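Since the structure comes first, as structure tokens, the remarks are kept for the end.
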Amino acid sequence: MAFQKAVKGTALIGGGAIATVFGLSQFSQYRNKHGALVQVQAAECALVRKEHLPSREQQLQALQSSGEFDVLVIGGGATGCGCALDAATRGLKTALLERDDFSSGTSSRSTKLIHGGVRYLQKAIMKLDFEQYRMVKEALEERAHLLKSAPHLSAPLPIMLPIYKWWQLPYYWVGIKLYDLVAGSQCLRSSYVLTKARALELFPMLRRDRLVGAIVYYDGGCLLPCCPAALLSCSPSRRQTVCVDLLLPGKEFDVRAKCVINATGPFTDSVRKMDDEQVPNICQPSAGVHIVMPGYYSPDNMGLLDPATSDGRVIFFLPWEKMTIAGTTDSPTDVTAHPIPTEEDINFILSEVRNYLGPDVEVRRGDVLAAWSGIRPLVTNPDSKDTQSISRNHVVTVSDSGLVTIAGGKWTTYRAMARDTIDAAVREHSLQACSCQTMGLQLEGALDWSPTLYIRLVQDYGLESEVAQHLASTYGDKAFEVAKIAQVTGKRWPIVGKRLVSEFPYIEAEVVYAVKEYARTAVDVISRRTRLAFLHVQAAEEALPRIVDIMAKELNWSDQKKKEQLEAARTFLYYEMGYKVKTDQLTYSSEITLQPADIERYKKRFHMFDKDKKGFITILDVQRVLQSISVQMDENTLHEILNEVDLNKNGQVELNEFLQLMSAIQKGRVSGSRLAVLMKSAEENLRRRQAIPVDRSGGGL
């Protein structure tokens with residue numbers, strides 16, 4: 001367990017996903033897994049151990065009874081949590097309010113890459129823009145800090161830049177070498193040039209024709225959830241009051257602070273207008289879309305950058321959580337809520353992926369396992385229209401009433417943004433702060449972590465190696481706390497650690513631990529305490545009932561509450577995580593484009609199950625065939641399998657629905673259909689059994 005920097009007083013407010021404990025324990029702002037809240041009282045620096053987090057009720061009590069705070073932060077993303085941590089580290093009595101869950105907005109929807117910004121350096125040089133250069137320099141320094149402060153969460157990642165024209169080789173080589181030079185002593189590893197043969201050896205999926213070579217460089221890959229600020233007011237003495245809405249009838253109260261900090265990302269201008277309705281907008285949102293595909297689309301330890309796509313945007317192609325993530329940048333938008341990824345967005349990314357992968361790799365629409373869109377809150381003047389020309393430099397402003405706003409910037413530079421914000425708060429409000437710094441401060445889980453820590457988890461608790469590696473790289477030295485509450489499996493191996501779904505290393509104990517770290521909804525767990533929703537929407541949906549059952553036991557939910565949580569989580573998956581565009585690939589009106597011979601072949605397969613020629617198959621039909629080949633499968637699983645293909649939801653799969661499925665699979669629009677694989681496997685099994693000769697059947701002499 002880590003030593004923490006403590007402050008006198010009690011912890012206080014926030015809601016869950018990106019931080020660990022603040023003040024009485026440290027924050028892990030970019031973990032994207034955990035939650036905790038933030039309030040801390042004045043301080044002298046001392047080393048203590050934090051054994052348990054205060055409950056949400058205790059946090060709420062502290063928020064209502066602690067009098068006036070020095071700093072009240074609105075927004076629980078990376079920047080807001082960074083501000084709260086910085087303020088508490090300086091000994092300021094601090095509170096943080098988050099309307100939903102920590103990192104539920106922009107912070108959890110990034111490209112998962114800690115980087116300095118190669119393309120910003122290019123713009124800095126081409127346009128002689130010193131501000132862009134300073135931003136890249138600062139980002140590279142912060143990248144180095146992140147890799148040291150939380151080594152269990154981040155590590156250097158080589159990124160390949162494929163070269164298909166000879167003149168590009170010296171051009172990009174000079175640019176990447178300048179990137180190394182700007183990093184100076186903080187350079188992770190020196191960039192280098194690869195021959196065509198070596199590039200294909202390291203990234204065998206690459207398109208071979210016209211490939212000249214490649215360049216490789218390195219980058220890094222108290223708490224009250226659901227607690228929005230409803231109203232902001234200011235007294236003539238610049239003392240500020242925020243009305244806190246607990247989203248329950250009559251559950252509102254005021255929190256007073258000497259300084260309120262607005263760190264709300266895309267909602268920056270909304271909070272500014274609470275302070276002054278006439279203030280001009282400073283935030284211009286830009287959308288980025290990401291998709292997740294199976295891990296075989298990229299090597300385990302090598303990313304890829306396309307610096308010039310067909311429409312001028314940049315695409316990253318990165319290994320992440322044993323999957324492959326592909327994402328775009330800077331698509332202008334006029335909304336602040338996170339937009340739903342469209343089929344057009346997904347197809348654009350797939351087309352760019354096809355441009356870089358060889359013809360022997362079939363890039364299928366059906367291999368998109370999840371998709372999401374996030375809003376990047378870039379800073380601009382109201383007249384700017386081109387977000388691609390906007391730097392991610394952050395801006396700190398102070399209103400006449402004293403509201404401090406932090407906007408823009410990059411996820412990588414959250415600590416520097418927080419530092420500048422608290423500097424402004426201390427200066428403008430004459431706050432009595434000590435000189436403590438967050439640079440060099442190790443975050444939650446980092447102190448006793450080592451690359452071999454997972455071996456102790458395997459040896460001491462009997463966890464699967466994959467599960468142990470996941471826990472160690474997610475929680476650091478706090479992984480032992482999760483292992484201690486893991487349930488016995490009843491198997492010879494693993495001894496403990498029941499998985500939520502078979503193909504991912506998330507275990508049931510993580511749900512219990514998430515509740516202790518202030519997870520309040522099923523969405524909190526599937527999207528931020530675990531990353532199931534971001535990795536595989538169908539797997540997340542399959543895990544939901546068990547997750548809700550565990551949370552219901554921990555939080556005393558009623559049956560009605562459980563039903564509401566299931567529905568809310570499924571809606572989240574359907575609209576925000578790409579399930580809708582995935583299911584739209586197979587609809588009741590989908591066109592069947594199979595050849596006549598294929599139609600007959602699939603009809604024959606279908607009728608192996610539909611023995612009675614009903615024109616449809618049910619769970620009973622599938623069970624009968626499986627029993628004939630000695631395969632056992634529980635009824636709930638069979639129901640899920642048929643439901644994926646049952647387009648009109650009448651509890652049965654009709655012949656036309658089956659042909660639509662096979663047509664969609666053939667076109668690459670659907671993949672991984674369990675019913676299609678099951679029926680094909682059963683057909684082949686039955687054929688083998690029928691083909692066994694008499695002298696090998698066991699009945700001869």
Side-chain angles (χ1 to χ4, degrees), residues 32 77-78 103-113 115 117 119 159 221 265-266 283-294 297-298 303-321 323-357 363-378 386-388 390 392 410-411 527-528 531-538 540 571-585 668-669:
N32 286 352
S103 85
S104 58
T106 297
S107 297
S108 63
R109 300 168 189 252
S110 69
T111 312
K112 323 303 176 196
L113 185 67
H115 67 116
R119 61 190 178 120
I159 298 178
C283 182
Q284 183 167 326
S286 171
V289 178
H290 298 82
I291 65 174
V292 169
M293 305 174 76
Y297 276 97
S298 66
L304 184 144
L305 168 68
D306 181 355
T309 62
S310 57
D311 69 351
R313 286 185 286 172
V314 170
I315 278 190
F316 284 100
F317 196 56
L318 307 168
W320 180 59
E321 298 286 321
M323 296 292 186
T324 299
I325 182 174
T328 63
T329 60
D330 289 349
S331 178
T333 182
D334 57 358
V335 299
T336 54
H338 294 286
I340 298 171
T342 66
E343 187 63 21
E344 182 181 2
D345 294 328
I346 293 172
N347 285 332
F348 170 77
I349 297 176
L350 289 175
S351 67
E352 295 299 327
V353 171
R354 291 187 185 99
N355 288 340
Y356 272 90
L357 299 188
V363 181
R364 304 180 299 180
R365 173 60 182 83
D367 283 341
V368 177
L369 306 176
W372 70 89
S373 181
I375 299 298
R376 295 178 168 95
L378 305 183
D386 180 11
T387 60
Q388 288 179 309
I390 299 172
R392 290 175 186 257
K410 285 163 49 66
W411 193 80
S527 60
R528 290 173 291 275
R531 302 319 302 265
L532 270 177
F534 285 82
L535 292 168
H536 200 304
V537 287
Q538 285 181 277
T571 300
F572 169 79
L573 292 173
Y574 190 73
Y575 289 106
E576 295 191 43
M577 301 311 301
Y579 210 161
K580 181 180 186 300
V581 287
K582 184 176 181 68
T583 56
D584 284 349
Q585 302 308 306
R669 303 193 70 81

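Computed from a predicted structure; not experimentally measured. We count residues from 1, following the sequence as given.
- Residues Pro285 and Arg376 fail the side-chain proximity criterion, which asks for heavy atoms closer than 4.5 Å.
- Taking every heavy atom of both residues into account, Arg109 and Trp372 meet most closely at O-NE1, 3.3 Å.
- Taking CG of Leu318 as the reference point, atom OG1 of Thr324 lies at 9.0 Å (rounded to 0.5 Å).
- A donor-acceptor pair is defined here as one N or O able to donate and one able to accept, closer than 3.5 Å; such a pair exists between the side chain of Ser107 and the backbone of Ala78.
- Atom OG of Ser351 and atom OH of Tyr356 lie 12.0 Å apart (nearest 0.5 Å).
- Partners of His115 under the ring pair (Phe, Tyr, Trp, His ring centres under 6.0 Å) rule, at least two apart in sequence or in another chain, are Phe316.
- Of all heavy-atom pairs spanning Cys283 and Gly265, the tightest one is SG-O, 4.0 Å.
- With sequence neighbours left out, the side chain to side chain donor-acceptor pair (under 3.5 Å) criterion links Tyr574 to no other residue.
- Using a 4.5 Å heavy-atom cutoff, the side chains of Ser298 and Leu304 are not in contact.
- Taken from OG in Ser110 to NE2 in His290, the straight-line distance is 6.5 Å, to the nearest 0.5 Å.
- Judged as a side chain to side chain donor-acceptor pair (under 3.5 Å), and not counting sequence neighbours, His536 has no contacts.
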Query raised in the report: Taking it one step at a time, do Ile159 and Leu113 satisfy side-chain contact (heavy atoms from CB on, under 4.5 Å)?
Result: CA-CA 11 Å; Ile159 298 178; Leu113 185 67; 4.0 Å; yes

Requested in this report: For side-chain contact (heavy atoms from CB on, under 4.5 Å), just list the numbers for Val292 and Val368, CA-CA rounded to whole Å, side-chain angles, deciding distance to a tenth of an Å, and then say yes or no.
Outcome: CA-CA 6 Å; Val292 169; Val368 177; over 6 Å; no

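- Looking at residues two or more places apart in sequence or on another chain, you find no ring pair (Phe, Tyr, Trp, His ring centres under 6.0 Å) involving Phe317.
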**Report entry** Pair Lys112-Ile325, side-chain contact (heavy atoms from CB on, under 4.5 Å): steps then yes or no
**Finding:** CA-CA 9 Å; Lys112 323 303 176 196; Ile325 182 174; 4.0 Å; yes

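- With a 4.5 Å cut-off on side-chain heavy atoms, Asp306 and Glu352 count as touching.
- Note: Leu369 CG to Gln538 CD = 8.5 Å, rounded to the nearest 0.5 Å.
- With sequence neighbours excluded, the residues forming a side chain to side chain donor-acceptor pair (under 3.5 Å) with Thr342 are Asp345, listed by chain and number.
- Annotation: side-chain contact (heavy atoms from CB on, under 4.5 Å) contacts of Asn347 (sequence neighbours excluded): Glu343, Leu350, Arg365.
- Proximity of Arg531 to Ser108: side-chain heavy atoms (C-beta onward) are separated by under 4.5 Å at one or more points.
- Atom OH of Tyr297 and atom CE of Met323 lie 12.0 Å apart (nearest 0.5 Å).
- Rounded to the nearest 0.5 Å, atoms CZ (Phe572) and OG (Ser527) are 4.5 Å apart.
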